> 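Take this structure, written in structure tokens, and hold onto it; I'll ask about it next.
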Amino acid sequence: NAGVTQTPKFRILKIGQSMTLQCAQDMNHNYMYWYRQDPGMGLKLIYYSVGAGITDKGEVPNGYNVSRSTTEDFPLRLELAAPSQTSVYFCASSYLRTSSTDTQYFGPGTRLTVL
Amino acid sequence: AQSVTQLDSQVPVFEEAPVELRCNYSSSVSVYLFWYVQYPNQGLQLLLKYLSGSTLVKGINGFEAEFNKSQTSFHLRKPSVHISDTAEYFCAVRTISGNTPLVFGKGTRLSVIA
């Protein structure tokens with residue numbers, strides 16, 4: 001299994017540009033998550049999904065959109081990039097059958113810079 | 001709502017010395033507790049978790065953590081650190097009931113000095 005994969009690894013955007021961060025998992029996990037990590041701030045949840053067709057906002061959803069059309073994929077869309085979106089983005093997934101089985105597996109991250 | 005406080009943002013320690021990384025949480029309901037580790041330029045990986053039972057939990061790479069309900073703490077310890085333990089460590093909580101996402105602390109950067 002490849003686990004959780006993210007593309008691209010690095011990206012530089014200009015203010016106002018749009019892009020999609022890709023995330024895929026091959027573990028048949030029902031839950032998927034998007035986080036952003038800023039220095040000294042830990043991880044903040046942007047959006048999450050409990051299954052195909054179902055998404056919900058996290059702590060910092062403004063400026064982002066998500067969709068979940070398949071179990072495997074959970075892309076994150078930035079419509080109008082702003083410097084405040086400069087961050088490292090992590091995708092994660094977990095298989096939640098009961099609360100005790102919920103271990104999140106993380107991708108390697110995408111480092112995004114908005115200039 | 002739940003919250004996590006990691007009391008030290010940076011912890012320098014000499015190789016082969018013991019280390020303790022502190023984590024306190026706040027929650028009005030029962031929670032599960034986790035420690036994740038992030039090595040440089042990598043994603044996070046699970047170090048250990050407390051679900052129920054014994055309050056002393058053993059994880060990978062010789063780490064252990066102790067759940068203290070009265071002090072709402074879940075401190076991480078290792079009796080002898082190695083250079084390879086240099087990383088950022090995150091404490092996280094989630095509620096037992098319901099399907100709520102993890103809430104992470106801000107992280108503690110452990111630097112092991114030769």
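For the numbers below, each heavy atom of this structure counts, side chains included, while hydrogens, waters and symmetry mates do not. Numbers restart at 1 for each chain; the letters A, B, ... are given by sequence-line order, proteins then strands. As the structure is a prediction and not an experimental result, all values here were calculated from the model.
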> Non-hydrogen atoms of chain B under 4.5 Å away: do they reach the side chain of A:L45, the backbone, both or neither?
side chain

> At their closest point, which heavy atom of A:Y33 faces which heavy atom of B:P101, and how far apart are they?
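The answer is CE2-CB, 4.3 Å.
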
> Do A:L76 and A:V4 belong to the same hydrophobic cluster, where Ile, Leu, Val, Met, Phe, Trp and Tyr are linked whenever their side-chain heavy atoms lie under 4.5 Å apart, directly or via other members?
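Not linked; separate clusters.
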
> Consider only side-chain heavy atoms of I, L, V, M, F, W and Y, link residues closer than 4.5 Å, and tell whether B:V57 and B:Y25 are in one cluster.
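Cluster IDs for B:V57 and B:Y25 match.
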
> Give, for atom CG of B:L102 and atom OG of A:S94, the distance between the pair rounded to the nearest 0.5 Å.
8.0 Å

> Check the surroundings of atom CD in A:Q17: do more than 12 heavy atoms from other residues, nucleotides or ligands lie under 6.0 Å from it?
yes

> Side chains of B:N41 and A:R111: closer than 4.5 Å at any heavy-atom pair?
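Side chain of B:N41 against side chain of A:R111, heavy atoms only: contact under 4.5 Å found.
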
> Between B:L44 and chain A, with a heavy-atom cut-off of 4.5 Å, which part of the residue counts as in contact: side chain, backbone, both or neither?
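Its backbone and side chain both get close to chain A.
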
> Is it possible for you to say whether A:L21 and A:V114 belong to one hydrophobic cluster, with membership spreading through side-chain heavy-atom contacts below 4.5 Å?
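Cluster IDs for A:L21 and A:V114 match.
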
> Quick one: what part of B:Q38 sits under 4.5 Å from any heavy atom of chain A, side chain, backbone, both or neither?
side chain

> Would A:Y89 and A:I15 show up in the same hydrophobic cluster when neighbours are defined by side-chain heavy atoms closer than 4.5 Å?
yes

> What part of A:Q37 gets closer than 4.5 Å to chain B, counting heavy atoms only: side chain, backbone, both or neither?
side chain

> When you group the ILVMFWY residues by side-chain heavy-atom contacts below 4.5 Å and let the links chain together, are B:V112 and B:V37 in the same group?
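They do share one cluster, since a chain of ILVMFWY contacts under 4.5 Å joins B:V37 to B:V112.
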
> Let me know if A:Y35 has heavy atoms under 4.5 Å from chain B in its side chain, its backbone, both or neither.
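For A:Y35, side-chain heavy atoms alone lie under 4.5 Å from chain B.
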
> Per the ring pair (Phe, Tyr, Trp, His ring centres under 6.0 Å) rule, which among B:Y39, B:Y36, B:F90 passes with A:F106?
B:Y36

